[in-house]
Amino acid sequence: MTNEPTRTNDPLLKVEGLVKHFPIKKGLLQRQSGAVKAVDGIDFEVRRGETLGVVGESGCGKSTMGRLITRLLEPSGGRIEFDGTDITHLSTGGMRPLRRDIQMIFQDPYGSLNPRHTIGSIVSAPFRLQGVEPEGGVKKEVQGLLERVGLSPEHYNRYPHEFSGGQRQRIGIARALALKPRLVVADEPVSALDVSIQAQVVNLMDDLQDELGLTYVIIAHDLSVIRHVSDRIAVMYLGKIVELADRTSLYQAPMHPYTKALMSAVPVPDPRRRGAKSERILLKGDVPSPIAPPSGCRFHTRCWKATEICRAQEPPLLELAPGRRVACHHPENAPDQAPGDPALASAGEAIEVVDATPKTAASPAVPEGPAPKKL
Amino acid sequence: MTELSKTGAVVDERPGTSEPRAFLDVRDLKVHFPTDDGLVKSVDGLSFQLEKGKTLGVVGESGSGKSVTSLAIMGLHRLGARGRHVRMSGEIWLDGKELVNADPDEVRRLRGREMAMIFQDPLSAMHPYYTIGSQIVEAYRVHNKVSKQVARRRAIELLDRVGIPEPAKRVDAYPHEFSGGMRQRAMIAMALVNNPELLIADEPTTALDVTVQAQILDLIRDLQKEFGSAVVIITHDLGVVAEIADDILVMYGGRCVERGPVDKLFYEPQHPYTWGLLGSMPRIDREQTDRLIPVKGQPPSLINVPSGCAFNPRCPYADVPKGGITRTERPELREVASGHFSACHMAQEERTRIWTEEIAPKL
């Protein structure tokens with residue numbers, strides 16, 4: 001999604017060292033015994049008019065991040081700045097005037113619309129709550145919004161159950177756009193939809209961005225969708241951003257081994273590329289638990305390039321090329337940051353990549369072992 | 001004429017069934033569900049064949065009849081109180097045996113032994129109250145007269161084969177103690193415990209992360225090579241079928257609109273709906289400057305399936321003249337090339353022209 005060049009150079013949203021830990025409480029006294037480190041220190045900025053894609057596997061903290069920047073959750077640490085204003089710890093009341101500018105589109109088009117309310121009342125709620133009286137009345141404005149997202153103004157008095165998933169997602173979009181926000185955070189906006197409907201919604205969001213000059217943060221697990229919609233992309237792993245780059249360079253030459261593995265795992269809809277399978281990096285096992293993330297670089301337990309320094313020292317998110325930030329000691333397609341370091345035993349063979357060491361004692365999930373043996 | 005078969009399902013009596021032409025041969029399968037709102041024609045005249053050692057990918061949107069087809073093959077529509085109301089007709093031949101009209105006890109003997117299924121959500125497909133091991137042991141002992149110890153050894157062997165570490169210990173774990181990918185592996189182990197010749201996987205990787213999906217697809221591919229079974233993989237993800245399938249069947253509104261070798265379906269598709277699917281799909285393997293080309297409108301209601309071609313209300317080429325054929329006429333599945341079938345009224349030359357000149361360059 002492209003947009004006209006930015007008017008001012010300062011970013012619309014600036015995030016520094018953002019942290020969210022969910023406490024785990026145990027026992028009669030509900031003493032805190034640990035914390036789920038959902039988001040553990042991330043920095044990024046969102047420029048005016050751009051689309052920032054955020055991608056990662058389940059449990060990497062991408063949705064928590066989305067709820068933090070819309071301030072649906074209270075951050076445990078760090079700083080969020082929206083258009084020059086610090087909103088990190090604003091109260092509900094303090095946030096209210098800003099709610100016009102920051103809106104959210106949710107994943108589940110079934111759960112995010114109140115089944116007892118008509119479409120008209122759902123889409124007009126923002127006007128009601130913010131005390132906005134648009135020119136020509138709320139009803140006219142809402143009907144205009146419905147038309148803009150590809151629904152009919154006659155839908156005003158219908159209920160959510162009368163609509164299909166794709167139509168409901170359009171209703172959610174109409175509601176998010178009612179007050180002409182500047183920043184829209186969309187958490188998996190199309191993952192619940194069928195392919196043909198998904199394309200309709202992606203195109204709609206694209207058009208609306210052009211028309212209204214919106215800035216998007218789109219959170220998704222689908223790397224193909226992210227590639228299509230984003231200008232820049234942040235890749236998250238276990239509460240951290242491991243790579244942040246513009247779309248073209250990220251997909252053509254990923255620098256972080258995790259990004260590379262993630263991309264090579266996506267099935268390519270082209271049967272003639274099946275032969276290229278030898279290049280595939282197959283990560284073994286599951287993502288470790290965010291309760292006790294691995295020391296040093298969080299990816300070192302599954303990384304084929306891991307060395308001693310990776311286990312001991314956390315790599316900072318460095319700008320290794322213009323506009324490309326990577327947190328890795330041994331990046332791909334870039335000079336090695338810690339040459340000559342002894343490799344870890346877990347790094348294993350070069351390509352069919354392995355990690356065999358179970359490290360997630362606190363997690364119910366069980367990491368998987370070495371390659372399966374034949375019967 | 002329909003009459004009530006002994007299974008409770010209403011079955012069309014069709015005389016003169018001929019010999020099957022393939023290991024799995026589905027002929028004119030219809031599965032209809034009567035409801036208060038009308039008859040839901042979930043599957044409406046579906047035919048396909050599948051040989052051993054081959055993988056068929058079934059793609060289509062939600063409600064196109066993919067899962068209903070797989071449950072019909074497994075004979076699972078007859079079960080349960082509501083199963084009485086299912087109307088099934090047509091023939092399903094598996095290894096020379098016809099299943100639609102077969103005795104339910106006979107189908108039960110085949111289910112799990114000759115044909116097995118992997119479901120989308122392993123957490124709801126497994127019983128939370130029993131250990132993984134005991135569920136696999138049960139599946140094995142139903143079909144084999146062996147002691148519990150022997151069955152347990154078999155379960156451990158299978159868990160090891162599907163890549164679960166420390167299988168001897170893990171066999172006593174409960175489903176909730178496994179991660180999503182591990183549960184899917186355990187379910188594959190359960191499906192394979194009797195060496196089935198037909199494996200149906202219904203969205204086996206949809207609930208999984210992409211790195212785990214790659215592991216599971218790899219596993220299914222390896223196991224198929226090893227056991228030589230026939231695999232039906234149901235998915236909405238064209239990437240998955242491109243990777244794993246030999247043939248693809250595209251379903252729309254309960255019918256097959258196109259079927260053929262995977263290469264043909266991706267490079268010379270002959271149905272406007274297949275074009276629509278390819279155009280709606282964002283690509284990971286190339287930069288798109290153009291917009292996606294969505295299919296307009298909504299999938300059809302299965303109660304009021306559009307007359308004629310079910311896709312005609314959404315088809316951008318519905319108004320192309322078709323030599324006097326009206327919209328209400330239903331297109332038959334016709335062979336356009338060896339093994340490649342398509343159900344469209346447009347002349348084949350016209351379709352080839354549209355694909356090469358209008359669609360392919362935009363993808």
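Rounded to the nearest 0.5 angstrom, B/Q298 CD and A/S164 OG are separated by 3.5 Å. Residue B/R291 holds its CZ atom at 8.0 Å from NE2 of A/H228, rounded to the nearest 0.5 Å. In this structure, the separation between NE2 on B/H236 and CG on A/L193 is 10.5 Å, given to the nearest 0.5 Å. The NZ atom of B/K296 sits 12.5 Å away from atom OG of A/S196, with the distance rounded to the nearest 0.5 Å. B/L219 CG to A/L282 CG: the interatomic distance, rounded to the nearest 0.5 Å, is 10.5 Å. Rounding to the nearest 0.5 Å places CG of B/L363 at 11.0 Å from CG of A/D270.
Note that A/R272 lies in the cation-pi zone of B/Y267, set by a 6.0 Å cut-off to the ring centre and a 45° limit from the axis.
Within the structure, every pair that satisfies the salt bridge (charged side-chain N to carboxylate O under 4.0 Å, His left out) test and touches residues 162-173 of chain A, not counting sequence neighbours, is listed here: A/R158-A/E162.
Contact record, B/A242 with A/V268: CB-O, 3.5 Å, taken as the closest heavy-atom pair. Listed here is the closest heavy atom pair of A/P269 and B/R283: O-NH2, 3.5 Å.
Between A/P267 and B/Q213 there is a side-chain heavy-atom pair separated by less than 4.5 Å. The closest side-chain heavy-atom distance from B/P294 to A/N203 is below 4.5 Å.
When each of B/D263, B/D209, B/I293 is checked for heavy-atom pairs under 4.5 Å with chain A, B/D209 comes out on top. If you tally non-hydrogen atom pairs under 4.5 Å between each of B/L238, B/L277, B/V210 and chain A, the highest count goes to B/V210.
Contact of B/R183 with chain A is not made at all, since no heavy-atom distance falls under 4.5 Å. Using a 4.5 Å cut-off between heavy atoms, B/I244 touches chain A through its backbone atoms (N, CA, C, O) alone.
For B/D246, the side-chain contact (heavy atoms from CB on, under 4.5 Å) partners are B/K54, B/T55, not counting sequence neighbours.
Side-chain N/O atoms of A/E57 and B/T211 include a donor and acceptor closer than 3.5 Å.
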**Message:** Test side chain to side chain contact (heavy atoms under 4.5 Å, CB included) on B/E61 and A/I197; report intermediate values, then the result.
**Reply:** CA-CA 10 Å; B/E61 296 181 84; A/I197 309 298; 4.3 Å; yes

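Under a 3.5 Å cut-off, the side chain of A/Q200 and the backbone N or O of B/V295 do form a donor-acceptor pair.
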